[in-house]
> 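Let me begin by handing over the structure; questions about it come next.
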Amino acid sequence: MNEKERTRTSKFLSLVLRHEPEKVGLELDSAGWVEVEMLLAACRQHGVAIERAELEEIVVTNEKKRFAFSDDGRRIRANQGHSIEVSLGYTPQVPPARLFHGTATRFLDSIRSDGLKKMERHHVHLSADEETAHKVGQRHGKPLILLIKADAMHAANHSFFLSENGVWLTDAVPVAFIEFP
Ligand code: HQG
């Protein structure tokens, strides 16, 4: 597989494992897992033939570690980013004092009035470093990095979860905990 094919297949897997498993006739379990064999068979039936070795290559090389195999290697799921109802089973963690949220300047007014909301996803996604936040923001337009006072949020009983691939997740960030530029 070359990089272009890997990216295309990875995007397709994101669609199936996070958003629309029914597109290929699949159902995920309550924690987002699906049998690898069933996934590959369903994809093949819908015109996307992926070999087991190719799937392993994607899981390992994916720059954001978007997917994970179960310990026994028989199941696979997306580590975060779902829009369908799943409970990923992450336990609450103490966040670093400061986290970052990358967004776009066009959302600024709305965020100033409502804080950060999870929108279509299950959580607000926060990054541990500015560089990652910058990349996340760029996807939406002119990037803007907001500093999140995670220590104060945690002290105020907001829960934080750390996904398998290093993304910090929380329900919402009220305006009081955001430092605007
Ligand atoms: C914005 C990618 C107006 C929020 C990335 C964001 C990440 C508001 C957008 C992951 C708002 C939602 C998540 C408010 C939040 N008013 N806009 N009150 N509150 N927003 O894509 O954080 O490639 O759902 O700032 O790398 O951009 O999928 O979230 O701009 O880790 O693996 O609403 O998705 O990873 O956009 O990205 P998204 P996100 P993957």
Side-chain angles (χ1 to χ4, degrees), residues 3-21 23 28 31-34 39 50 55-69 76-90 93 95-96 98-150 152-153 156 158-181:
E3 204 183 321
K4 210 168 154 195
E5 285 163 348
R6 273 205 300 269
T7 302
R8 199 176 54 212
T9 308
S10 164
K11 287 199 167 158
F12 181 73
L13 290 170
S14 283
L15 177 76
V16 170
L17 295 176
R18 289 170 164 181
H19 308 298
E20 295 182 87
K23 260 227 147 85
L28 311 183
W33 296 105
V34 66
L39 171 69
I50 309 167
L55 187 66
E56 281 171 14
E57 188 183 325
I58 287 168
V59 171
V60 172
T61 60
N62 189 266
E63 84 287 6
K64 287 190 65 191
K65 302 215 181 316
R66 289 186 175 88
F67 315 105
F69 288 115
I76 185 169
R77 75 173 180 184
N79 283 323
Q80 36 73 225
H82 300 78
S83 56
I84 50 173
E85 200 47 60
V86 290
S87 108
L88 294 169
Y90 294 132
Q93 306 251 346
R98 293 283 181 268
L99 285 167
F100 303 92
H101 178 80
T103 187
T105 49
R106 65 195 167 98
F107 299 142
L108 188 55
D109 287 348
S110 170
I111 295 172
R112 268 188 204 282
S113 76
D114 297 346
L116 288 170
K117 302 195 292 192
K118 49 191 163 178
M119 313 306 274
E120 302 298 312
R121 306 208 188 225
H122 288 193
H123 297 97
V124 172
H125 288 225
L126 303 171
S127 314
D129 64 279
E130 282 192 71
E131 196 190 331
T132 306
H134 191 265
K135 282 188 200 147
V136 173
Q138 241 169 4
R139 294 161 40 255
H140 299 289
K142 185 162 183 265
L144 173 79
I145 297 176
L146 303 175
L147 204 140
I148 310 302
K149 300 171 197 164
M153 271 184 79
H158 289 266
S159 295
F160 286 82
F161 304 88
L162 180 59
S163 77
E164 187 81 18
N165 57 338
V167 179
W168 284 92
L169 307 167
T170 194
D171 269 348
V173 182
V175 180
F177 300 109
I178 305 175
E179 249 175 50
F180 292 94

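Counting starts at 1 for both ligands and their atoms, following the listed order.
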> Enumerate donor-acceptor pairs with a distance under 3.5 Å from any side-chain N or O in residues 169-181 to protein atoms, sequence neighbours excluded.
unit_1 : atom_1 : unit_2 : atom_2 : d
Thr170 : OG1    : Ser159 : O      : 2.8

> List the protein residues in contact with ligand 1, where contact means a heavy-atom separation under 4.0 angstrom.
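Within 4.0 Å of ligand 1, the protein residues are Arg18, Lys64, Arg66, His101, Thr103, Phe107, Ser110, Ile111, Asp114, Gly115, Leu116, Lys117, Met119, Arg121, His125, Val136, Arg139, His140.
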> Side chain to side chain donor-acceptor pair (under 3.5 Å) with Asn165: which of Arg66, Lys64, Lys65, Gln80?
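Result for side chain to side chain donor-acceptor pair (under 3.5 Å) with Asn165: Gln80.
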> List, one per line, each side-chain donor-acceptor pair under 3.5 Å for residues 100-119, sequence neighbours excluded.
unit_1 : atom_1 : unit_2 : atom_2 : d
His101 : ND1    : His125 : O      : 2.9
Arg106 : NE     : His140 : O      : 2.9
Arg106 : NH2    : His140 : O      : 2.8
Ser113 : OG     : Ser110 : O      : 3.2

> Between Glu57 and Arg6, does the salt bridge (charged side-chain N to carboxylate O under 4.0 Å, His left out) criterion hold? Intermediate values first, please.
CA-CA 8 Å; Glu57 188 183 325; Arg6 273 205 300 269; 2.7 Å; yes
> Output the distance between atom CG (Leu88) and atom CD (Glu164), rounded to the nearest 0.5 Å.
10.0 Å
> Restricting to salt bridge (charged side-chain N to carboxylate O under 4.0 Å, His left out), what partner residues turn up for Lys23, sequence neighbours left out?
Glu20
